[in-house]
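Every chain is numbered from 1, with letters handed out A, B, ... down the list of sequences. Atoms considered below: every heavy atom in the structure, side chains included; atoms not considered: hydrogens, waters and symmetry mates.
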Amino acid sequence: MSDTPTDGELVYQAREGDEVAFGLLVQRYQRPAYAVALSVTGRHEDAEDAAQESFLVALSRLDECRSPERFGGWLMTIVRNRSKNLIRRESLRETDQVPPGARSSAPTPDKVAENVELRALLEDALAGLPEVQREIVLLHDMEGWKHREIAERLEIPSGTVRSHLHFARKALRAALGEVPGVPEILRKA
Amino acid sequence: MMTWFRRGAGDVQILGRDPMVSEALESLDPASGEANYWFRFHRRVMAEASAELHRRRLMARLTVVDVMASWSRTVVPTAMLAAAVAALILVRAGSGSPESAPAAGLMAELPGEPVPVLEEPGAAVIFASFGPDNF
């Protein structure tokens with residue numbers, strides 16, 4: 001038998017206030033939660049806020065998680081909803097504009113600068129994809145989730161996951177390929 | 001039916017990691033710019049979750065005995081107070097004549113109230129009759 005506790009076990013312990021159990025759940029899902037939030041918001045700061053808020057919402061509603069073994073999928077739904085709410089709130093606060101260049105105002109080393117550049121390119125390329133494709137490509141190619149895991153968590157057929165992944169990659173490759181200098185950046189990154 | 005296994009050398013990557021896309025997406029990982037990003041993320045979530053976790057621990061520790069004990073802390077003094085008040089009322093009521101007290105109250109005349117007088121039967125008949133002399 002594996003020593004790694006299942007999601008269900010951790011959820012039951014976290015319901016009773018077990019800090020270690022909840023900590024393990026956060027550790028297990030912080031990256032996927034961020035990836036899903038990023039796929040919806042498209043911005044690092046918003047994705048970070050939405051992912052963090054989602055863990056707190058999940059904890060407060062842990063008793064409503066009817067299938068603790070499927071905590072991951074349940075959490076991702078919360079992340080998606082929180083991210084959408086955040087975007088809605090942000091769009092209502094349109095006046096609060098970030099000055100151009102605010103992201104990279106501090107002097108950065110070359111590597112960081114290239115990373116920032118590539119990041120901006122990717123964010124634009126991802127923005128052109130449907131939300132579900134963004135989510136799948138980020139979970140698969142950034143977080144290393146398997147098709148089966150994504151299918152279970154998103155509650156869609158595995159074939160659909162593959163299909164979305166294929167089209168997302170195709171679009172990303174095309175978008176990145178059109179931008180001069182990207183292959184060089186990728187080689188250096 | 002479309003298969004994802006037999007589409008040419010380039011598409012074999014569909015089932016695994018796509019090196020180019022994966023490598024590009026790594027730059028979106030916040031840890032690529034800050035090594036301890038995920039540690040900080042985790043610590044912040046845990047700090048904000050501590051109050052709720054504490055509340056849950058308290059709730060989980062509560063047993064039936066605890067609930068009964070906390071309940072009895074309120075109910076027992078209230079019941080004792082009610083019993084003392086009831087006893088006091090009984091003692092005070094017992095000092096008079098318990099049988100005659102309600103009856104005396106009922107029999108007592110209220111001040112200012114006219115006492116009804118039973119009139120003669122004949123008078124009432126005369127007053128209410130309509131004889132031929134009246135028309």
Side-chain angles (χ1 to χ4, degrees), chain A residues 14-19 21-23 26-27 30-31 33-35 38 44 47-48 51-56 58-60 62-63 108 111-112 114-119 121-123 125-126 137-138 140-144 147 159 162-163 165-166 168-169 172-173 176-177 182-183 185-187 189, chain B residues 1-70:
Chain A
R15 275 179 182 169
E16 301 201 338
D18 189 325
E19 206 163 336
F22 183 68
V26 175
Q27 205 170 3
Q30 58 188 6
R31 294 175 61 100
Y34 173 84
L38 186 65
H44 164 71
E48 184 181 64
Q52 287 181 351
E53 275 179 29
S54 300
F55 280 109
L56 301 176
L59 177 63
S60 67
L62 215 48
D63 302 316
T108 53
K111 173 92 177 166
V112 177
E114 280 168 5
N115 217 6
V116 168
E117 191 184 345
L118 179 58
R119 223 190 140 100
L121 288 172
L122 270 170
E123 282 175 1
L126 283 167
V137 78
L138 288 177
H140 189 275
D141 286 342
M142 195 167 112
E143 298 308 321
H147 301 132
R162 288 194 179 97
S163 167
L165 184 61
H166 168 70
R169 280 175 172 178
L172 278 182
R173 278 171 161 275
L176 292 172
V182 166
I185 292 172
L186 282 179
R187 271 196 293 277
Chain B
M1 191 182 152
M2 188 182 282
T3 61
W4 298 96
F5 297 92
R6 300 170 192 164
R7 298 191 68 223
D11 287 337
V12 172
Q13 293 164 350
I14 287 167
L15 293 175
R17 278 169 78 88
D18 180 326
M20 181 189 169
V21 174
S22 294
E23 205 174 328
L25 289 178
E26 271 174 26
S27 70
L28 291 180
D29 182 351
S32 66
E34 183 192 343
N36 65 346
Y37 176 84
W38 292 114
F39 172 74
R40 205 165 48 79
F41 182 102
H42 188 270
R43 202 177 48 186
R44 201 180 311 158
V45 172
M46 293 309 288
E48 294 201 23
S50 65
E52 174 64 12
L53 286 167
H54 179 69
R55 188 191 69 79
R56 284 180 174 275
R57 276 196 297 276
L58 281 182
M59 293 301 289
R61 262 189 241 139
L62 279 180
T63 60
V64 175
V65 176
D66 292 328
V67 175
M68 293 295 282
S70 69

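Between the CG atom in Leu53(B) and the CG atom in Leu59(A) there is a gap of 5.0 Å [rounded to 0.5 Å]. Taking CG from Leu25(B) and CD from Glu143(A), the interatomic distance works out to 9.5 Å, rounded to the nearest 0.5 Å. Atom OH of Tyr34(A) and atom CH2 of Trp38(B) lie 6.5 Å apart (nearest 0.5 Å). Residue Leu56(A) holds its CG atom at 11.0 Å from CZ of Arg44(B), rounded to the nearest 0.5 Å. Put simply, OG on Ser60(A) and CZ on Arg55(B) are 8.5 Å apart, with the number rounded to the nearest 0.5 Å.
Only the side chain of Leu38(A) has a heavy atom closer than 4.5 Å to any heavy atom of chain B. Of the two parts of Leu172(A), only the side chain, counted from C-beta on, holds a non-hydrogen atom closer than 4.5 Å to a non-hydrogen atom of chain B. Within the 4.5 angstrom heavy-atom criterion, atoms from both the backbone and the side chain of Glu48(A) approach chain B. For Met59(B), no part lies near chain A; criterion is any non-hydrogen pair under 4.5 Å. Of the two parts of Ala51(A), the backbone and the side chain both hold a non-hydrogen atom closer than 4.5 Å to a non-hydrogen atom of chain B.
Salt-bridge check for Arg31(A) with Asp29(B): passed, with a basic side-chain N closer than 4.0 Å to an acidic carboxylate O. Looking at Arg57(B) and Glu19(A), a side-chain N of the basic residue comes within less than 4.0 Å of a carboxylate O on the acidic one, giving a salt bridge.
Ring planes of His44(A) and Tyr37(B): tilted class, angle from 30 to 60°.
Of all the listed residues (Leu126(A), Leu138(A), Val137(A), Asp63(A)), the one sharing the greatest number of non-hydrogen pairs under 4.5 Å with chain B is Asp63(A). Comparing Met142(A), Gln30(A), Arg15(A) by how many heavy-atom pairs each has under 4.5 Å with chain B, the most go to Gln30(A).
Looking at heavy atoms from C-beta onward, Glu123(A) lies in side-chain contact with Leu28(B) at the 4.5 angstrom threshold. The shortest side-chain heavy-atom distance between Val26(A) and Met46(B) falls under the 4.5 Å cut-off.
Closest heavy-atom contact between His42(B) and Gly23(A): NE2-O, 2.8 Å. Nearest approach of Phe22(A) to Val45(B), heavy atoms of both residues: CE2-CG1, 4.2 Å.
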Start with the C-alpha gap between Glu48(B) and Phe55(A), add the side-chain angles, then the distance that decides, and say whether side chain to side chain contact (heavy atoms under 4.5 Å, CB included) holds. CA-CA 10 Å; Glu48(B) 294 201 23; Phe55(A) 280 109; over 6 Å; no
